[in-house]
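In what follows, chains carry the letters A, B, and so on, assigned in the order in which the sequence lines appear, proteins first and then strands, with residues in each chain numbered from 1.
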Amino acid sequence: MLSVLVLVPVLVAGLLVALPSGRLRALRSLALGAGIVELALALYVFLSYDSNLGGYQLVERYRWLDSLGVSFHLGVDGVSAPLVLLNGIVLFTGVIISWHMKPRPKDFFILFFTLASGVFGTFVALDLFFLFFFYELAVLPMYLLIGVWGSSSDFGTFIRTKEYGALKLTLVLVAGSVLVWVGLLAMYVEAGVGSFDLLDLEAAGMSVGVQRFLFPFFMLGFGVLAGLWPFHTWSPDGHVAAPTAVSMVHAGVLMKLGAYGLLRVGISLLPEGAHAWAPVLIVLGTVNVVYGAMSAMAQKDLKYVVGYSSVSHMGYVLMGLATLTVVGMDGAVLQMFSHGIMTALFFALVGIVYERAHVRDITVFEGLAKRMGLTSAFFVVAGLTSLGLPGLSGFVAEFLVFVGVFQTYPVLGVLAIIGAAITAVYILRLLGKVFFGPLNPKWEKLPDATPREGFAAAVLVATIVFVGVNPGFLMRAIDSGVQALATRL
Amino acid sequence: MVDYKLLVPQFLLAGLAFGLLALDLVLPPARRRYIAYLGALGLVGIVLSTISLRGQEAALYGGLFLIDNYALFFQGLFLVMGAVILLAAEDHVRKFLGHAGEYYGLVVVAVLAMTVMTSAGELLTAYIALELLSFTFYVLSAYATRDLRSNEAGVKYILLGAFSSALLLYGISLIYGATGTTYFRGIAGAVGGTLSPGLLLGLVLLIAGFAFKAAAVPFHMWAPDVYEGAPLPTTAYLSVAAKAAVFGLLLRLFSQGLLPAIEVWRWVIVALAAASITVGNLVAIPQTNIKRLLAYSSIGQAGYLLVGLAALSPQAVSGVLVHLAGYAATNLLAFTAVIAYYNETGHEQIEDFAGAAERAPYLALLLTIAMFSLAGLPFFAGFTTKFYLFTAAAQEGLLWLVGLAAAMSVVSLYYYLMVIKQMYIHPSRHSPRLRPGFVLTGVLGVLAFAVVAIGVYPGPLVRFIETASKGLFS
């Protein structure tokens with residue numbers, strides 16, 4: 001089942017290569033079909049995960065390179081199952097949002113599905129070779145996705161071109177993955193079991209000194225993708241330059257790959273190293289929260305606000321992981337899911353506004369709610385999730401993270417709450433300025449979201465509300481996964 | 001008594017080379033393209049006779065010439081490369097070069113020379129084979145007789161090549177003086193953990209000579225000029241085949257002849273590797289000509305291969321062989337795509353590739369695949385083979401060097417992306433669609449398939465290579 005989940009997108013990409021480029025209808029049907037299949041498979045994977053049983057489930061293992069100790073080994077646990085579901089949802093909505101992608105829609109979907117394969121693969125790989133393989137596969141298409149279909153930002157005195165954003169994102173992420181790679185090889189040699197299999201390495205164990213030496217490789221390497229301060233600058237630039245669906249997947253899911261890798265490889269395989277470096281990680285995470293929020297407050301470009309808000313919210317994930325407590329890590333994983341859906345929604349809505357108004361400057365908008373009722377309503381939900389309103393998914397996640405942080409580093413907890421307060425300021429200010437108040441006559445003719453776009457956003461909103469009122473749906477799985485992990489700490 | 005059955009591939013190669021030369025005399029110019037097709041067919045046929053020899057272990061002519069899985073792996077690799085070059089070159093030779101029969105004949109002679117190089121069990125046999133290879137390449141480099149750059153490339157190559165051959169020969173004579181033998185196994189018996197000054201000097205000269213042939217920094221100066229000036233198919237051939245042959249020879253020499261003294265020479269190879277990786281990748285950045293870009297990138301790739309040579313365990317040797325196979329498929333794909341583009345447009349500057357995604361979507365896609373594979377991104381050969389090679393090197397305690405190589409592959413990604421950027425992001429300055437020929441398209445498809453196959457399912461290839469490299473150490 002998992003191998004199907006991973007391979008379908010890349011097979012679809014292969015089919016698309018063979019498809020003549022003029023066949024728009026066939027192209028869209030194929031893309032939508034793949035999106036639906038992937039969503040159904042992801043849902044199936046999540047629902048069939050048995051929280052009472054715990055451990056790795058739906059395991060598949062095929063021989064690949066015996067001499068190196070690499071096998072195509074897949075499985076999900078309580079941490080990865082919700083993230084698979086997250087990717088299924090975001091991917092599906094991303095396909096719907098990119099329905100009218102221009103130019104060269106075929107090439108776009110080829111790269112988009114390659115990206116999807118990479119993301120699914122990273123979440124379900126139980127072999128570090130393949131984890132790294134898919135991790136890199138997810139970065140590979142980004143340059144073209146942003147460079148060809150992205151948009152440049154004009155700051156008046158200077159321009160941030162899409163090529164700049166694309167190049168920065170790609171090179172920074174690949175540089176991060178080099179650290180991961182070197183760390184993996186060092187781990188392989190030090191563990192001395194001649195295997196890249198996660199389970200073998202878990203069993204092998206490494207000396208405290210080695211763990212402490214290796215942990216920073218993963219903390220920084222995976223941290224780069226998770227938006228860890230001060231290596232986060234690729235994220236706003238890259239996500240702003242990217243086309244809507246790519247921002248959705250990248251900010252929504254790909255940044256979680258970083259946090260997931262940190263948890264799966266860093267914390268779980270190097271627990272002693274994690275204990276030694278947790279204070280550093282949590283301080284950096286706190287800077288993420290506060291600095292990201294303050295940067296978001298200073299932005300004039302709607303998309304940059306969302307970009308920096310992602311940096312800020314990923315800070316909660318990093319803080320939660322760094323507490324190394326069950327409740328904190330529970331919160332972190334739930335925050336990954338919640339933030340993924342929320343950011344995807346944000347980027348989808350910003351995309352809808354930008355597509356119609358062709359500007360993203362907050363200062364030029366006023367009272368859009370009068371013309372774009374649906375879009376505005378969804379935007380308000382996303383905003384309220386972002387500032388942690390109870391009843392929506394963000395609240396539960398952040399609450400758990402705060403509990404974990406106050407148990408371990410109360411001072412930083414206070415700072416993080418200040419960060420949350422700043423979030424409230426910039427979100428409410430943004431909502432008030434852009435959507436409410438008198439309508440600027442310039443936007444008299446702005447049409448609302450089409451039913452197609454509305455549907456995509458509604459799926460995301462429904463997920464947010466559902467998880468907000470019924471967090472147990474995800475938490476049972478997450479907790480079973482985190483509990484198992486925590487026994488290693 | 002020499003068992004001539006084992007030499008059938010070499011005899012057939014020599015026959016094929018002269019046959020192609022002779023065909024040129026009898027075929028009318030309009031039909032000379034069939035010489036290339038016939039040559040490729042012949043080479044693929046000879047692969048069959050190579051395959052039939054697998055598993056054989058023999059030392060012919062008293063150990064001058066060795067047949068084992070290691071030699072046969074390289075034999076197969078060179079034969080396939082030769083066939084690809086013939087098919088990729090045909091269009092180019094017809095449009096820009098002339099003297100088709102001689103060109104194809106020389107390509108086959110080079111294959112013969114390379115198979116002897118990787119079978120040699122003794123330094124002078126290796127040297128003669130290397131000289132045969134070098135001479136064919138001197139001619140192939142200067143083949144565009146009316147093109148000044150090509151002439152310059154030929155002259156530069158022959159002067160510097162002769163100089164390096166002299167170094168090599170001097171090194172061999174010193175080694176012979178110190179050990180009394182030129183057989184690899186004999187040298188291994190004569191050297192211990194320490195080396196006498198004469199032997200040390202001989203070894204240094206030997207390494208310098210080979211480093212020149214493999215275009216490793218600081219002996220790389222000739223490569224960018226020769227690569228740029230030589231006709232495109234020659235450059236393609238030079239960048240993959242010549243490099244593979246030199247490494248095939250070096251691995252055998254070092255593992256069978258110099259392994260006891262590994263602590264003495266390892267740092268030299270490590271230094272060459274580090275310098276090649278760093279300089280090759282950094283200097284590639286400002287290049288504006290695609291051939292020069294690929295020249296510097298191939299210097300960087302030689303550095304990765306040297307990492308494996310420095311590690312020199314059975315697994316590291318397998319790593320080098322796996323990486324060579326992947327690199328050969330990838331670089332041939334890149335060059336064949338460039339040849340196809342050049343044949344239609346006559347341009348080879350990187351900026352001339354602007355808008356290629358619109359003008360020739362298939363070519364652009366395949367060149368992109370090649371670039372990603374060279375940069376070591378997954379799904380393609382480069383990722384898997386580099387991972388294998390670096391894992392083997394890390395196990396021998398060269399983790400820091402692997403770290404440097406991995407860091408430099410980020411740099412390499414930058415300049416490969418610049419090519420991709422031209423093709424996909426920049427608008428075209430010329431409009432007409434390009435339609436590369438049927439044969440070129442087919443060759444490109446096969447190479448792309450190989451690049452992906454090695455990337456996702458390397459098992460069978462790796463298993464054969466592992467038996468080959470284990471044999472080297474027994």
Check each atom of A:Val182 against the heavy atoms of chain B and say whether the ones under 4.5 Å are side chain, backbone, both or neither.
both
Enumerate the inter-chain donor-acceptor pairs under 3.5 Å for chain B and chain A, one line per pair.
unit_1: B:Glu358; atom_1: OE2; unit_2: A:Arg104; atom_2: NH1; d: 2.8
unit_1: B:Tyr424; atom_1: O; unit_2: A:Arg104; atom_2: NH2; d: 3.0
unit_1: B:Val456; atom_1: O; unit_2: A:Trp64; atom_2: NE1; d: 2.8
unit_1: B:Glu466; atom_1: OE1; unit_2: A:Ser67; atom_2: OG; d: 3.3
unit_1: B:Glu466; atom_1: OE2; unit_2: A:Ser67; atom_2: OG; d: 2.4

Can you name the ring pair (Phe, Tyr, Trp, His ring centres under 6.0 Å) partners of A:Phe109, sequence neighbours left out?
none
Side chain, backbone, both or neither of A:Leu144 within contact of chain B (heavy atoms, under 4.5 Å):
side chain
Portion of B:Phe372 that has a non-hydrogen atom of chain A nearer than 4.5 angstrom:
side chain
Tell me, side chain or backbone of A:Leu171 under 4.5 Å from chain B's heavy atoms, or both, or neither?
both
Mind listing the closest non-hydrogen atom pair of B:Ala394 and A:Leu185 along with its distance?
CB-CB, 4.2 Å
Between chain B and each of A:Leu68, A:Val17, A:Leu167, A:Leu179, count heavy-atom pairs under 4.5 Å; write down the option with the most.
A:Leu68
Interchain contact, A:Val70 with chain B, by part (heavy-atom threshold 4.5 Å)
neither
Identify which part of A:Val139 has an atom lying under 4.5 Å from any heavy atom of chain B, answering side chain, backbone, both or neither.
neither
Take B:Leu377 and A:Phe133 through the test side-chain contact (heavy atoms from CB on, under 4.5 Å) and record every step on the way to the result.
CA-CA 8 Å; B:Leu377 288 179; A:Phe133 180 98; over 6 Å; no
For A:Val178 and B:Ala407, which heavy atoms make the closest approach, and how far apart are they?
CG1-N, 3.8 Å
Is it the side chain or the backbone of A:Leu137 that comes within 4.5 Å of chain B heavy atoms, both, or neither?
both
Take B:Phe379 and A:Leu140, measure what side-chain contact (heavy atoms from CB on, under 4.5 Å) needs, and give me the verdict at the end.
CA-CA 10 Å; B:Phe379 226 79; A:Leu140 176 149; 5.6 Å; no
Above 12 or not: heavy atoms from other molecules or residues under 6.0 Å from CZ of B:Phe473?
yes
How far apart are the C-alpha atoms of B:Phe387 and A:Phe132, what are their side-chain angles, what is the distance that settles it, and do they pass the side-chain contact (heavy atoms from CB on, under 4.5 Å) test?
CA-CA 10 Å; B:Phe387 197 99; A:Phe132 185 62; 3.8 Å; yes
